[in-house]
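Read the structure below first, then the notes.
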Protein chains: 2
Amino acid sequence: MTANAVLSESLEDYLEAIFHIIAEKQAARAKDISRQLKVAGSSVTGALRSLAKKGLINYAPYDLITLTPAGRKAAKDVVRRHEALRDFFVNVLAVGYAEADEAACRIEHVISKNILERLIQFAEFVEICPRGGSKWIAGFGYHCDHGDTRENCEKCISLILEDLKRKKTGGKSMSIINLKDLKQGQRARVEKITARGDTNKRLVEMGVTPGAVIEVERLAPLGDPVEVKVKGYHLSLRKSEAEGIDVELI
Amino acid sequence: MTANAVLSESLEDYLEAIFHIIAEKQAARAKDISRQLKVAGSSVTGALRSLAKKGLINYAPYDLITLTPAGRKAAKDVVRRHEALRDFFVNVLAVGYAEADEAACRIEHVISKNILERLIQFAEFVEICPRGGSKWIAGFGYHCDHGDTRENCEKCISLILEDLKRKKTGGKSMSIINLKDLKQGQRARVEKITARGDTNKRLVEMGVTPGAVIEVERLAPLGDPVEVKVKGYHLSLRKSEAEGIDVELI
DNA sequence: ACAAAATGTTAGGCACGCCTTATTTTTTTA
DNA sequence: TAAAAAAATAAGGCGTGCCTAACATTTTGT
Ligand SMILES: [Mn+2]
Ligand SMILES: [Mn+2]
Ligand SMILES: [Mn+2]
Ligand SMILES: [Mn+2]
């Protein structure tokens, strides 16, 4: 009921846990939550009452637990913060997944909206800018280990130049294709949403808008579903949804 | 007495506040702390008792407050985390100082040692690598606002090339100079510590070791003291200390 | 169908960390 | 130097979030 309840760090973690459990098995039980968060069952009962009072979960004693629309929205917000931070640590700082995940789950509760957006954009920028990219991140790794990058980086620069030349002579730019035709790992800029009605609405809601950069993270055997990353969100799109998105390969 | 007391987020903030107050006026009073942290005086009394019990401050009722050696060490550690995070937000993510400072003071309590070091190295790498630098950060700003960097970045690349050529033809590399001869804003790699005895020890303790990158942040009129940044630490060096450090300009 | 096992809730307690109000001590000022 | 002002502390209270132990309900296996 409450419009924008302020959630404690603890309640955000409960919400996040419930979200993940529900993603796997429709409804959560207190035991699942206590196992995941490593707290006593009685602590879960208390948290559930709090969340129910705030209108974020459907809960009755001894009953299964589901998220209300408001709860789902709040949970998705926490998850997005968590994943964006984790991605930054893994993709930019080259930290191991487990360590990045743990750190993300602590920082997610205290990072400001604005700085989070910057971080997401930065991670995207590093991947997209011809001066950035995986070779550059590798250069960062080298810098971490040896502290000296001058010669190494000069070599990098020539590599970038070659890349750029290849791109200029090779492909004509502005080849608009359909999202469903992208392969795993490819990145593209959203040009147009051709989907209409509910699908259109859902896509826009999820952050898929013209200009956004979209990356294909995983592709199921028949292209359904396709897992993508947009603006820090990790999304799973049905093929029918992917078909409604025109993109330009980057 | 306790070797490595685990401090709550709250106690870390108290310690940090005491450190900053002492830096300005020798000893802190409860009132200074309550003003800075915006808490009631009685809350400060409680915190001071905790810190004294942990052997981090010298404190007796109604008396002035100073840091013990252990307390100073713990406080410096908090301050370093705070400043490193703030620097990253300001210098890499181009966030405003005030916002960066506030965010840093929340995240400082939950960031892991390892990720902090990565962040510090990353900020340094971005400044040092010829593919990074201020123009690149400006490119990031452009990316944030317009979302499109292709052409802009191609222009950047040619600029880098020019920079590199100029450096190659112009300066002979390996010009070892003394830290005291650096100007504000210049960066250098530490080559050798010529200082001996206590000064040597102090410098090494502060992270000034061969290979470290050192940046001159501010220079007092007669070069004493000189404020520098090394490995995420912001340090104030006396001229006599600066003279004991040989560096190579980057 | 019913006992055993699993799950969930209640009750009571503890540690933090903050507050307000009252009291004590120190410092200032007239 | 004594009254007034400022600073600090003590006492009591509140909310959060965790725990254990005891009790209640539901599910499972025979
Ligand atoms: Mn968390
Ligand atoms: Mn999390
Ligand atoms: Mn803080
Ligand atoms: Mn701080």
Side-chain angles (χ1 to χ4, degrees), chain A residues 2 4-18 21-22 24-67 74-75 78 105-106 108-110, chain B residues 2 5-18 21-22 24-67 74-75 78 102 105-106 108-110:
Chain A
T2 328
N4 247 349
V6 175
L7 291 173
S8 65
E9 303 191 6
S10 169
L11 290 187
E12 283 192 341
D13 278 340
Y14 280 104
L15 216 46
E16 201 184 11
I18 293 168
I21 292 163
I22 288 181
E24 291 206 338
K25 32 176 287 195
Q26 335 305 337
R29 290 187 311 165
K31 186 73 201 196
D32 301 323
I33 301 168
S34 77
R35 194 173 23 241
Q36 188 153 329
L37 296 183
K38 293 183 176 127
V39 294
S42 61
S43 304
V44 175
T45 305
L48 293 178
R49 268 204 292 252
S50 284
L51 291 173
K53 200 165 66 181
K54 291 177 195 296
L56 300 173
I57 61 172
N58 302 116
Y59 166 70
Y62 296 103
D63 209 349
L64 290 176
I65 299 142
T66 53
L67 290 165
V78 181
C105 209
R106 270 177 287 124
E108 68 190 3
H109 309 292
V110 296
Chain B
T2 328
V6 175
L7 292 174
S8 65
E9 303 191 6
S10 170
L11 290 186
E12 284 193 339
D13 278 339
Y14 280 104
L15 216 46
E16 200 185 11
I18 293 168
I21 292 162
I22 287 181
E24 291 206 339
K25 31 177 285 195
Q26 336 305 336
R29 290 187 311 163
K31 186 72 203 197
D32 301 322
I33 301 168
S34 78
R35 193 172 26 241
Q36 189 153 330
L37 296 182
K38 292 182 177 129
V39 295
S42 60
S43 304
V44 176
T45 304
L48 292 178
R49 268 203 291 254
S50 284
L51 291 173
K53 200 166 64 180
K54 291 178 197 294
L56 299 173
I57 60 172
N58 302 118
Y59 166 71
Y62 295 103
D63 208 349
L64 291 175
I65 299 142
T66 53
L67 290 165
V78 181
E102 197 194 311
C105 210
R106 270 178 286 124
E108 68 191 3
H109 310 291
V110 296

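Proteins come first, then strands; the chains are lettered A, B, ... in the order of their sequence lines, and each starts at number 1. The structure displayed is predicted, hence computed values, not measured ones.
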When Glu9(A) and Pro61(A) are each assigned the nearest nucleotide of DNA chain D, the 5'-most assignment goes to Glu9(A)
Inset, instruction - Would you state whether a donor and an acceptor, one from the side chain of Ser50(A) and one from the base of dT16(D), lie under 3.5 Å apart? - result: no
Output for pair (Asp13(B) CG, Leu37(B) CG), nearest 0.5 Å, gives 6.0 Å
Check whether any side-chain N or O of Arg49(A) sits under 4.0 Å from OP1 or OP2 of dT16(D), and answer yes or no. no
Practice prompt. Answer yes or no: does a side-chain N or O of Tyr59(B) lie under 4.0 Å from OP1 or OP2 of dA8(D)?
Written response: no
Result for 5'-nearest mapping on DNA chain D, choosing between Arg29(A) and Ser8(A), is Ser8(A)
Q: Report yes if at least one side-chain N or O of Arg35(A) is closer than 4.0 Å to OP1 or OP2 of dT7(C); otherwise report no.
A: no
Assess the residue pair Ile18(A) and Thr66(A) against the criterion (side chain to side chain contact (heavy atoms under 4.5 Å, CB included)); give the C-alpha distance rounded to whole Å, side-chain angles, the decisive distance to 0.1 Å, and a yes or no. CA-CA 8 Å; Ile18(A) 293 168; Thr66(A) 53; over 6 Å; no
N/O (side chain, Thr45(A)) to phosphate O (OP1/OP2, dT10(C)) under 4.0 Å
no
Whole-Å distance, Asp63(B) CG to dT26(C) C1', equals 11 Å
_Using a distance-only criterion (donor-acceptor N/O pair, under 3.5 Å, no hydrogens), is the base of dT24(C) paired with the side chain of Tyr62(B)?_
yes
In whole angstroms, the gap separating C1' of dT16(D) from NE2 of His109(A) amounts to 15 Å
- Task: Can you establish whether the number of heavy atoms outside Lys25(A) located under 6.0 Å from its atom NZ is more than 12?
- Result: yes
Could you tell me whether the side chain of Ser10(A) has a donor or acceptor atom within less than 3.5 Å of a complementary atom in the base of dT16(D)?
no
Here the distance between atom P of dG17(C) and atom NZ of Lys53(B), to the nearest Å, is 12 Å
**Asked** Between Ile22(A) and Leu67(A), is any pair of side-chain heavy atoms under 4.5 Å apart?
**Response** yes
Rounded to whole Å, CD1 of Ile33(A) lies from P of dG8(C) at a distance of 9 Å
query = Looking across every strand, which nucleic acid part, if any, lies under 4.0 Å from Ala40(A) by heavy atom: base, sugar-phosphate, or nothing?
reply = base
Rounded to whole Å, the CD-C1' distance (Gln36(A) to dT7(C)) equals 17 Å
Atom CG of Leu51(A) and atom P of dT16(D) are separated, to the nearest Å, by 12 Å
Next on the checklist: Keeping Asp32(B) on the side-chain end and Arg29(B) on the backbone end, is there a donor-acceptor pair under 3.5 Å?
Outcome noted: yes
Taking only N and O in the side chain of Ser42(A), is any of them less than 4.0 Å away from OP1 or OP2 of dA21(D)?
-> no
From CG of Leu37(A) across to P of dC18(D) the rounded distance in Å is 8 Å
note: Leu48(B), atom CG; dT9(D), atom P; distance rounded to Å ~ 7 Å
